[in-house]
Q: 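Here it is, the structure, as structure tokens.
Letters A, B, ... are given to chains in the order of the sequence lines, protein chains preceding strands, and every chain is numbered from 1.
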Protein chains: 2
Amino acid sequence: MEKRRDIYQAIADPTRREIISLIARQSMNLNAIADNFDASRPAISQHIKVLTECGLVMIRQQGRERYCELKIDKLKEVTTWVEECRKYWNATIDSMENYLQELQSKNKKHGKR
Amino acid sequence: MEKRRDIYQAIADPTRREIISLIARQSMNLNAIADNFDASRPAISQHIKVLTECGLVMIRQQGRERYCELKIDKLKEVTTWVEECRKYWNATIDSMENYLQELQSKNKKHGKR
DNA sequence: TATATTTGTAAGCAAATACTTACACAATGG
DNA sequence: CCATTGTGTAAGTATTTGCTTACAAATATA
């Protein structure tokens, strides 16, 4: 569980998505979260670590408990990317025009390697 | 490169996100896509396979070329999930109320394992 | 103070991922 | 028909991932 730490990789795991859904409703401490899953407590702890490291979750220590708060705005990064794609997509006015562009590109060469 | 095939795992890889961005602008055949990356042609082919298998890309055969078309609506699944999370989040009226709910939950027990 | 609770983290491991090179094969074009 | 082009796929490999068990440490409580 090393290296890459971005939001996309964070939400790729179904367990982590469930954790996000859970703490979206209400901040919870680690054991309370782990109670909702079959995986061991350390496994959940590691998932929380991933979420924390990419800024999706913030820990608020309270005595010996650590409450996990979802930083919902971090998810905006994802929707922004999707909207960006959709914007480009819409720029190709309709599929017929799109088709014509392809015919044009067929006449171009691409040499690689 | 096996097993899990969902949209979240598909967009977790940065190269695949770039591919999606590319073909959002215009459908391209595989070699044209591969020209945009340092990775080998088979590597890109495998990425395309992942994208196809989760419904993000549709292949349109044209002679010996295979045009990759982005199925943009498939990305809606992601934004829907994010919006769902945000909805729950908004349900917790403000952070003070959220804080009080946590204090309550502290008094509940959870026993696991 | 002794004990229980809440959590982090290391070590070990099986599976998944992402690449590469090599080879196969169908469609095109001379 | 033969060489070229566009692409799929297998085999091999180094990393990354996700999980488990075991142990450490800090806070709370009887």
Q: Ser45(A) has a side chain; which of dT17(C), dT7(D), dG8(C) sits nearest to it?
A: dG8(C)

Q: What is the distance, rounded to the nearest whole Å, between atom CG of Asp35(A) and atom P of dT7(C)?
A: 10 Å

Q: For dC19(C), take OP1 and OP2 only and decide whether either is under 4.0 Å from a side-chain N or O of Thr15(B).
A: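 It does, given that an N or O in the side chain of Thr15(B) lies less than 4.0 Å from OP1 or OP2 of dC19(C).
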
Q: For the pair made of CZ in Arg17(A) and P in dG18(D), what is the distance, rounded to whole Å?
A: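 Computing the Arg17(A):CZ to dG18(D):P distance gives 11 Å.
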
Q: Could you state the atom-to-atom distance from CD1 of Ile48(A) to P of dT17(D) in whole Å?
A: 17 Å

Q: Check the pair Arg25(A) / Tyr88(B) against side chain to side chain donor-acceptor pair (under 3.5 Å), numbers first and verdict last.
A: CA-CA 5 Å; Arg25(A) 292 163 175 78; Tyr88(B) 288 127; 3.0 Å; yes

Q: Note down the inter-axis angle between the two ends of the helix from dT1(C)-dA30(D) to dG30(C)-dC1(D), five pairs each, to the nearest 10°.
A: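 One end's axis against the other's: 20°.
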
Q: With a 4.5 Å heavy-atom cut-off, do His47(B) and Phe37(B) have their side chains touching?
A: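 The answer is no; the side chains never approach within 4.5 Å.
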
Q: Measure CZ/Arg5(A) against P/dT16(D) and give the value in whole Å, please.
A: 11 Å

Q: Rounded to whole angstrom units, what separation is found between the CZ atom of Phe37(A) and the P atom of dG18(D)?
A: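 Interatomic distance, CZ of Phe37(A) to P of dG18(D): 14 Å.
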
Q: Within the structure, does a side-chain N or O atom of Gln9(A) lie under 4.0 Å from either OP1 or OP2 of dT17(C)?
A: no

Q: Treating Glu77(A) as the side-chain partner and Thr79(A) as the backbone partner, does any N or O pair qualify as donor plus acceptor under 3.5 Å?
A: no

Q: For the pair made of CD in Glu18(B) and C1' in dA18(C), what is the distance, rounded to whole Å?
A: 15 Å

Q: Report yes if at least one side-chain N or O of Asn31(A) is closer than 4.0 Å to OP1 or OP2 of dT5(C); otherwise report no.
A: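 The answer is no; no side-chain N or O of Asn31(A) sits under 4.0 Å from OP1 or OP2.
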
Q: Which parts of nucleotides 22-28 of chain D does protein reach within less than 4.0 Å, heavy atoms only, written one letter per nucleotide 5' to 3' as B for base, S for sugar-phosphate only and - for none?
A: B----BS

Q: Looking at Ala12(A), is its backbone amide N or carbonyl O close enough to the side chain of Arg17(A) to form a donor-acceptor pair, meaning the two atoms are under 3.5 Å apart?
A: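 Yes, Arg17(A) side chain to Ala12(A) backbone: donor-acceptor pair under 3.5 Å.
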
Q: Let me know the distance between CZ of Arg60(B) and P of dA27(C), rounded to the nearest Å.
A: 18 Å

Q: What integer distance in Å separates Tyr8(A):OH from dT16(D):P?
A: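 These atoms are roughly 21 Å apart.
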
Q: Is the closest side-chain heavy-atom distance between Ser21(A) and Cys85(B) below 4.5 Å?
A: yes

Q: So, Asn36(A) side chain and Ala32(A) main chain: donor-acceptor pair closer than 3.5 Å or not?
A: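 Yes.
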
Q: Is it true that a side-chain atom of Arg16(B) and a backbone atom of Ile11(B) form a donor plus acceptor pair closer than 3.5 Å?
A: no

Q: Using atom types as modelled and distance alone, determine if a side-chain donor or acceptor of Ser45(B) lies under 3.5 Å from a backbone N or O of Arg41(B).
A: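 Here the side-chain-to-backbone pair does not exist.
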
Q: Distance from Glu69(B) atom CD to Met58(B) atom CE, nearest 0.5 Å?
A: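 Interatomic distance, Glu69(B) CD to Met58(B) CE, rounded to 0.5 Å: 4.5 Å.
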
Q: Does dC19(C) have OP1 or OP2 sitting under 4.0 Å from an N or O in the side chain of His47(B)?
A: yes

Q: With distance as the sole test, does Gln61(B) use its side chain to make a donor-acceptor pair with the main-chain N or O of Gly63(B) at under 3.5 Å?
A: yes

Q: So which nucleotide from dT20(C), dT20(D), dT7(C) ends up closest to the side chain of Ala43(B)?
A: dT20(C)

Q: Side chain of Gln46(B): nearest nucleotide among dC19(D), dC19(C), dA18(C)?
A: dC19(C)

